[in-house]
Amino acid sequence: MYLDRRILTNFDWRMAGITLILIAVGILTIWSGNLGSSSSYRQALYIRQILWGALGLCGLVAAAFVNYRLLARFAYPIFGLLLGLLLVVEVTGAVGFGAQRWIRVGFLTVQPSEFMKLALIIFLARYFEDRKEHLGKPRLMATPAMVALVPIFFVLRQPDLGTAALLGLLTLSMLFLVGLRLKHLLFLVFAGAALTPLLWSMLKGYQQQRIWAFLFPSLDPLGAGYHVMQSKIAVGSGELLGKGLKAASQSQLNFLPASHTDFIFAVLAEQWGFVGCLVILLLCYFLITRGLEIASEAKDVFGALMAFGIMAMVMLQLLVNAGMVLGIMPVVGVPFPLLSYGGSSLLVVCLGVGLVINVRIRRFVY
Amino acid sequence: MSRPWQSPTPLIQQKIRWTVLLVTVVFALLLLRLWYLQVLEGRYYATLSASNRLRIRSVEAPRGFILDRSGEVIVENRPSFDVYVIPAAVPDLDEAAHAIGTVLGQAPEEIVAKIRGGRAHPYRPVLLAQELNERTMVVIEERKMDLPGVSLRVRPLRSYVDGGIAAHLVGYVSEVNQEQLHLEAYRDFRPGDTVGQAGVERRLDSFVRGIDGWEEVETDAQGRVVRLMDRLEPQSGFSLVLTLDKKLQMAAEKAFAGKRGSVVALNPQTGEILVWVSRPAYDPNRFAKQLSREAWEELVNDPTHPLQNRPMQAQYPPGSVFKLVVMAAALEAGAVTPETVFNCPGYFRLGRTTFDDWKEGGHGQQDLMQAITNSCNVYFYQAALKAGIDAIVLVAREFGLGQKTGIGFGDEAKGLIPSPSWKQEVLGERWYLGDTVITGIGQGMILVTPLQMVTLVAAIANGGTVYRPWVVERVESWGGEVVAAYGPEPVRKVNLRPRVLELVRQGMLRVVEEGTGRVARIRGVRVAGKTGTAQVVKKEAHGPGKTEDHAWFVAFAPYENPEIAIAVIAENAGKGGSAAGPVARAVLEAAFSPLLEKGTVAQGPSPESQ
């Protein structure tokens, strides 16, 4: 490995900058959103997030400079390692909020399912690069799709409906890139519909309730539909210009549950209004389209697929999270990229952005 | 710039172009949704957000005090520490009910029922318990975190001293009920508001109530008050100064203890009510708190009718007290003079019917004064016949019998003075002379209320003016400023010659000094009065213990310059002199003892009654 001058000149300062801004906005929102909280734990959340942000930025830089071809080489072992970690969670994972999602690493708790997203992307990228002559052929799809179902199964068991759905969608979008046809997709949709009763029975009671609540929020305004309603109130009451940092009562007075994680976008919307949301969404839009541009300009299939997968991951998380906050999608626990509180999620997106930058840096390197 | 790199595959590039388009569309949709929520519907959600967070709760105004004529407290307020729950803030009904029930010592089911009852207005606090003791309050404060939606508030609670003096006159307050809320008169009330439900509390509710204030509080999602944003102080209600005399009232209540019936006294010169006893009574304090449905039904269905405001709602035959009316009518009509003498052999025959005297063997030769003193029935049978029913009815009505007195609160009974035309109309029967005979001693179908009786006595005492009885002297603000004042209201001057009333008064004086009313004599004050026994008809039908006659006693004093007129009726208590007389005497004693040096009572001889 050598340090080429072009590595520095091709480093994508725009992507890194946008990432930094989003992390900072997230920390600011976590801080201000918990101003009204009487819990010292919640008041100190932003400090933890600063640490995670710093770690994330380090991860970003590291991921940008280590040659991504190394990842291609170790894609399968990494995937296997993460699958193993998911198994560890299954067996010993720390229980939080009724779900087993975390394992302890020293003083940190990490959520292997978050890192599984990256591992799955790398795995699929490597799998298709190995078969790039056959791209577009349907028979290429079956094996990776089956493999992807394994981590999805484990994550569902945790249970983490949001991440499981995300892994599924992520797989689908990468299959789309390598030639999944509409008719295949339709087949999958039908298959999914056929499997719905089975999947439904796998869900826990509260998850079923959430989906019902999404479909019919007025049924139980004080129960499961409460989150959706309170979130819409928070977002809507922000109006054009927002209430400002300190006057956002909806989130500060605990009307909004999990305001620092799943509903952080609602807090932001309440504080900064439509204008603030517009700015944040435009930043995300630039980040994603820039990443896609890099994917299309990648020098190899692995790089292109990896960059695309990472951007698909960011986009899907954003869509599911914002859709939930805005009351157009079921409430499933998916963090907003870079903004939501949570170390694993932040770190994974930072690493992902770093890898995308890496792909850009190395498009000239032979 | 040329392309120095090898594109992976055209397929991937093409798909990425599609993806960029898709991403653009998705972002556009998200922004559209945001625009809709925040700009188009923003006002609506801002309102929702504010009502989420800001709760307006009313601050109940303390009701004005109710005082007696000399400023003694009859009704006041005391702070009550109440516990409420906001149904919307209860996450798990059963769990909450269990936790709250443990603290309050109530059954969880009861609490579940209360919270469920408030479901229609999930943000309106539901009252769970009142008048918590200090210990319970401390426990609730300590466990506040485990009791979401539960809050404590201090509220003024109506307090009736001594378990309610003159309870039926003063009335009581309770939560405005569902039927009332539908009425136009109650359109300013909201569920949970307190309103006067009877007596003066109801009649003058708009004065006593005051004006509720409100406070705007910021609450968190658990309904806990975070801070007070704004507050409008309530304005206390005006105080009522009654004409009631607490000292006399207490004396009357004490003397009447254990009896059923009424004691009413008023100032004959003005019509001011001084005493108002109705027994059995209820404790109005029970209404001020939340009365359970069972307790309410028990009160309503009590066979002794504790809710009945007997002085103005109960109707009785007047018995011999009515002889005062017959006497006046006979004198005015010229049917008798003080010199007219009838023989009383103990019975009176009219055709084939015999009417008995109450005294076996009769009173012998009686002139008018002797007849009233001894309450001789035979004399008044004949006096009534000679005067004629029309004359008697006319005089009775002059005195206000058979009509409402117009005291102005509650449903007042009219009573009944039967006349030939009334009998024809209502019963379809002609009037017999025998009807006139029994009217002469206050029997038959005549019905009067104790309030009418005392009004009658007052009019006799004061020389013939019928005053409308009244009970509120003035309305005062907390600063002592008089908001409204009331005064005597003469209804009419009785159309009788002064000489006639003079003779009736003399007769009443003799009743007490040497006749059936000797029990009411007190030393140093000349008392005039009349006993009466109202026959309870169909004795067996009333069941055991209710077969005794009602005992009447009416009086006024002092004879020369009457300051107080009183009517006592003790239900099923037997003869008037013995059962009702001592009560009247006790009140008169209380009224005049401060004026008299020793205040000792002239012990009446063993009562002979009637």
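Atom set for the values below is all heavy atoms of this structure, side chains included, hydrogens, waters and symmetry mates excluded. Here is how names work: the chains are called A, B, and so on, in the same order as the sequence lines, proteins then strands, and each is numbered from 1.
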Over all heavy atoms of both residues, which pair between [X] and [Y] is shortest? Give the atoms and the distance, please.
X	Y	value
Ser237(A)	Ala46(B)	CB-CA, 3.5 Å
Gly327(A)	Arg33(B)	O-NH2, 3.9 Å
Phe27(B)	Leu281(A)	CE2-O, 3.3 Å
Ile12(B)	Ala304(A)	CG2-CB, 4.3 Å
Gly323(A)	Leu30(B)	N-CD2, 4.5 Å
Leu31(B)	Phe274(A)	O-CE1, 3.5 Å

Under a 4.5 Å heavy-atom cut-off, does chain B meet the side chain of [X], its backbone, both or neither?
X	answer
Ile288(A)	side chain
Val325(A)	neither
Phe128(A)	neither
Ala269(A)	both
Phe308(A)	side chain

Working to the nearest 0.5 Å, report the span between [atom1] of [X] and [atom2] of [Y].
X	Y	atom1	atom2	result
Glu270(A)	Tyr45(B)	CD	OH	13.5 Å
Gln14(B)	Leu177(A)	CD	CG	10.5 Å
Ile294(A)	Ile16(B)	CD1	CD1	10.5 Å
Leu278(A)	Trp35(B)	CG	CH2	10.0 Å
Leu29(B)	Leu326(A)	CG	CG	11.0 Å

Residue-level interface, residues 309-319 of chain A with chain B, non-hydrogen cut-off under 4.5 Å
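Within residues 309-319 of chain A, the residues under 4.5 Å from chain B are Met315(A), Leu318(A), Leu319(A).
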Which bit of Arg43(B) comes within less than 4.5 Å of chain A, counting heavy atoms only: side chain, backbone, both or neither?
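Contact with chain A involves both backbone and side-chain atoms of Arg43(B).
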Only distances under 3.5 Å count here; give the side-chain donor-acceptor pairs of residues 95-112 of chain B to other protein atoms, sequence neighbours excluded, each with its distance to 0.1 Å.
residue	atom	partner	partner atom	Å
Thr102(B)	OG1	His98(B)	O	2.6
Gln106(B)	OE1	Lys114(B)	NZ	3.4
Gln106(B)	NE2	Leu128(B)	O	3.2

Other residues, nucleotides and ligands only: do more than 12 of their heavy atoms fall within 6.0 Å of CD on Glu134(B)?
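At most 12 heavy atoms, drawn from other residues, nucleotides or ligands, come within 6.0 Å of this atom.
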Check the surroundings of atom CH2 in Trp18(B): do more than 12 heavy atoms from other residues, nucleotides or ligands lie under 6.0 Å from it?
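Open: at most 12 neighbouring heavy atoms sit under 6.0 Å from CH2 of Trp18(B).
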Max heavy-atom pair count under 4.5 Å with chain A, selected residue of Thr24(B), Val26(B), Val39(B)
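Ranked by contacts with chain A, first place is Thr24(B).
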Spell out, as yes or no, whether a donor-acceptor pair under 3.5 Å connects the side chain of Lys15(B) to the backbone of Phe176(A).
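A pair under 3.5 Å: yes.
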Taking the side chain from Gln38(B) and the backbone from Gly238(A), do they hold a donor-acceptor pair closer than 3.5 Å?
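No, the answer is negative, given that no donor and acceptor are paired below the 3.5 Å cut-off.
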Winner by heavy-atom pair count (cut-off under 4.5 Å) against chain B, out of Gly303(A), Gly236(A), Cys284(A), Ala322(A):
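When all of Gly303(A), Gly236(A), Cys284(A), Ala322(A) are compared, Gly236(A) has the most.
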